[in-house]
Structures are given as C-alpha cells and as structure tokens.
Amino acid sequence: MGEFDRAQELEALHLAASLAAQTAASRPLGASLAQCDDCGEPIPEARRQAAPGCTRCMDCQDRAEQRKRGGL
C-alpha cells in the first residue's frame, strides 16, 4: 500500500469518526419537553416521539435553524 493510499484511508477514518461524533452530538438525550422552550405551545406527541429530547415545536425549530444559517 502506497503513501497516498494510506493517507486516503486515514482521511476516510477521520471523516467517519467526525460524522459519527457530529451525529451523536446533535441528538439530545432524555425525554422531550411537553411545551416548546421558545413559544410555550405544546409540542405534538408525534414530534416528541420522532425527535427524542426535542425542546422546540416544529415552527420554532425551523426558525432557529434559519437563524443559525443566517436566514433571519
């Protein structure tokens, strides 16, 4: 195996580890909140089941993601 092949393999391992860490960090652990942190409205049961650990309703989550991207 040449140096280029080893470098490519190492890069792929680092990328996989980085993606796994980012995925794990983006999934809050624990129970979801019953009410949205931002607006105080109830978080629908379907959302709480689909996104364990969520703290916002879908509308507030969408707005928060847009702000994070610089959209608002």
Side-chain angles (χ1 to χ4, degrees):
M1 185 184 277
E3 285 184 48
F4 180 74
D5 292 329
R6 282 192 294 271
Q8 223 174 6
E9 186 176 310
L10 184 60
E11 181 181 8
L13 289 172
H14 282 278
L15 178 61
S18 178
L19 290 172
Q22 184 176 0
T23 300
S26 68
R27 291 188 193 143
L29 300 176
S32 299
L33 295 181
Q35 293 182 316
C36 177
D37 262 355
D38 293 354
C39 69
E41 292 295 316
I43 299 174
E45 180 64 26
R47 169 148 172 78
R48 295 192 333 241
Q49 294 282 329
C54 67
T55 60
R56 294 183 178 112
C57 66
M58 283 298 296
D59 290 339
C60 290
Q61 184 65 39
D62 287 342
R63 283 191 286 275
E65 289 176 9
Q66 286 177 350
R67 282 192 303 270
K68 189 175 184 179
R69 289 186 300 243
L72 285 179

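Excluded from the calculations below are hydrogen atoms, water molecules and symmetry mates; all remaining heavy atoms, backbone and side chain alike, are included.
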Can you give each donor-acceptor pair under 3.5 Å made by side-chain atoms of residues 44-55, sequence neighbours left out, with the distance rounded to 0.1 Å?
from  : atom 1 : to    : atom 2 : distance (Å)
Glu45 : OE1    : Arg48 : NH2    : 2.3
Glu45 : OE2    : Gln49 : NE2    : 2.6
Arg47 : NE     : Arg56 : O      : 2.8
Arg47 : NH2    : Arg56 : O      : 3.3
Arg48 : NH1    : Ile43 : O      : 3.0

Please set out all donor-acceptor pairs under 3.5 angstrom arising from side-chain atoms of residues 2-16, sequence neighbours excluded.
from : atom 1 : to   : atom 2 : distance (Å)
Arg6 : NH1    : Met1 : O      : 2.6

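Note that CD of Gln61 and CD of Gln66 are 11.0 Å apart. Values are rounded to the nearest 0.5 Å. Of the inter-residue distances, the one linking Cys60 atom SG with Arg67 atom CZ reads 8.0 Å to the nearest 0.5 angstrom.
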